[in-house]
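A short write-up of the structure that comes next.
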Amino acid sequence: MTKFVFVTGGVVSSLGKGIASASLAAILESRGLKVTLIKLDPYLNVDPGTMSPFQHGEVFVTDDGAETDLDLGHYERFITTRMKRSNNFTTGQIYKSVLEKERRGDYLGKTVQVIPHVTNEIQDYVRRGAGIGSPEAIDVAIVEIGGTVGDIESLPFLEAVRQMSLKLGPTNSAFVHLTYVPWIAAAGELKTKPTQHTVQKLREIGIQPDVLLCRADRAVPDEEREKMSLFTNVQLHGVISMWDVDTIYKVPRILHEQGLDEMICMKLQLLTKPADLKRWDRLVHEVEHPAQQLSIAMCGKYTDLSDSYKSLNEALRHAGIQNHARVNIEYVDSETLNEGNVDQLSRFDAVLVPGGFGKRGVEGKICAARYAREKRIPYLGICLGMQVATIEVARHLAGLEGANSTEFEPATPHPVIALIDEWQDRDGSIQKRDQGSDLGGTMRLGAQSSDVQRGTLAHQIYGDVVTERHRHRYEANEHYLDRLRQAGLVISAITQRDKLTEIVELPRDVHPWFVGVQFHPEFKSTPWDGHPLFNSFIKAALEHQASAQAQLKAVA
Ligand code: GLN
């Protein structure tokens, strides 16, 4: 029987509910339990795919091609269970599904209402996310409810999980509430009042938390913990302090030391072996004791919000850990980059152009790719970063003046990057396709496999086959591949099914490490092994650093 832990949040958002949930899951997994995580998002968008990264941060893509909340990225990095489409749903999806049922007549003429129809639908989705009815038996499903208690939006979710826990019974469900305990500098005090109020709100709805996770900039002393325990009716040992840390990988240890997993297992009557967090300790040790460091220029346009590149930042750090190096990521706003100032990139050990949508900043990214190519600085282009590298090679090596992607220049004379149906079956001539109005439905999404050409850098990294996740609309135009090859670009991987360009690179005798990938490798990196592509990229960056230093010495 699957047991459930419902995680709610109070006072303010951005307290790290995702990390807290993932950490609890990781500790439970180390006790030998099969765990999964489900994220409920209270907004009306059907998925975050159409939301701006400024608004929502990164869109995380699962193997089965779902565009999900970035918390699912944390989940996959913290536990071994892989996330699927069913591990994340929104109010929008729930309503869509209820309204479709209503149109089909499934409700047999009844008045369709929030209670019971919407709340029942939510419970069905939660059970589906936990894999109930499927062959994989999950011991514990941790359900993270987005938003803050007291919001109108999240009310149906809270009501649904309250009902669920009632049906499950007290030994099959637990409630964890994440709250904020602010430090008021003028008074020199940690304040417990917001916590008292948020738990009152929760209890009004009929939910009594079993555990309070108290986020504060420091450890919460016993006196404040006792006060919160008394006012919120939570056992003292259930009032757990979660202070600010410099690396998220410390959180499982902090929560375990205070007995979080023990409490949850007692509540859910789960008899397990003791938790074993040795690998987390080793990881934290590696993070804190790098042997060297390096700087990477990340040339993107979503530079104001580091959440936009969450998985990418993590993947670079993981690869740093594999190479015993601290990776410093510096954001370079591609909108300000041009031929005149691109030499500011010379002080970096590597250049990375991440994924992105829209025309803004693209010429700056092309400049960055050219600079990295000409100066032999390791270059990794991801998705859009692969497309700009292709455009750059087309313009400056293949002599295709004005080459571009039809995403940025629909009338370009050389659409080296275009929508598939702009070039398929035609000889490079552009035919505007009817994109329709459904922005959520036109992407190449999820995991796909490609064959890798022997003798290439890609083959050295991946072996014969690469399977990575996608999220993009445009592709390298088949009709230009021969001309690009003649100009020196190596097409090192082609998708098995549709024969689309997956990886491009420069030969090793021309450039030490220049790779563009149409997929998003960052989604599959873990803190344990890193990711082969990023590990290789960081290694190349360290080699570049060493040879640049040797050159300097030789000159001196
Ligand atoms: N905008 C490009 C496309 O749609 C690249 C997308 C991306 O980088 N994720 O193909």
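Note that ligands are numbered from 1 as they come in the structure, with each ligand's atoms numbered from 1 the same way. Quick caveat: nothing in here was measured; it's all calculated off a predicted structure. Only heavy atoms go into these numbers, but all of them, side chains included; no hydrogens, no water, no symmetry mates.
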Practice task
Report yes or no: does R82 contribute a side-chain atom to a donor-acceptor pair with the main-chain N or O of E76 at less than 3.5 Å?
Solution key: yes
Practice task
Would you check whether L384 has a nitrogen or oxygen atom less than 3.5 angstrom from a nitrogen or oxygen atom of ligand 1?
Solution key: yes
Exercise for the section: Between H520 and ligand 1, find which residue part has any heavy-atom pair under 4.0 Å and reply side chain, backbone, both or neither. Expected result: side chain
Fill in the blank from the handout: protein heavy-atom neighbour closest to atom 10 (O) of ligand 1 works out as Y474 N, 2.8 Å
Completion exercise
Quick note on ligand 1: atoms under 4.0 Å from a heavy atom of C383 include exactly 5 (C), 6 (C), 7 (C), 8 (O), 9 (N)
Problem - 4.5 Å side-chain heavy-atom contact, D246 and E288 - result: yes
Problem - ligand 1 contacted by E475 (non-hydrogen, < 4.0 Å) - result: no
Problem - Exercise: identify the closest heavy-atom pair between R469 and D63 - result: NE-OD1, 2.9 Å
Practice task
Please work out whether any backbone atom (N, CA, C, O) or any side-chain heavy atom from C-beta onward of R471 is under 4.0 Å from ligand 1, and answer side chain, backbone, both or neither.
Solution key: backbone
Exercise for the section: Scan side-chain atoms only and decide if Q545 and D349 contain a donor-acceptor pair under the 3.5 Å cut-off. Expected result: yes
Handout entry: Y75-E144 side chain donor-acceptor pair, cut-off 3.5 Å
Key = yes
Handout entry: From G300, G385, G356 - option closest to atom 6 (C) of ligand 1 by heavy atom
Key = G356
Problem - Contacting atoms of ligand 1, where contact means under 4.0 angstrom from a heavy atom of E407 - result: 1 (N), 2 (C), 3 (C)
Practice task
Looking only at distances, please establish whether an N/O atom of ligand 1 is found under 3.5 Å from an N/O atom of G355.
Solution key: no
Problem - Side chain proximity check, F519 to H472, heavy atoms < 4.5 angstrom - result: no
Problem - Structural part of M443 in contact with ligand 1, heavy atom criterion under 4.0 angstrom - result: neither
Practice task
Give a yes or no on whether the ring-centroid distance for Y379 and W513 is below 6.0 angstrom.
Solution key: no
Handout entry: atom 4 (O) of ligand 1 - nearest protein heavy atom and its distance
Key = R473 N, 3.0 Å
Practice task
Output yes when E286 and R282 qualify as a salt bridge under the 4.0 Å nitrogen-oxygen rule, no when they do not.
Solution key: no
Handout entry: Sub-3.5 Å N/O-N/O distance, Q518 and ligand 1
Key = no
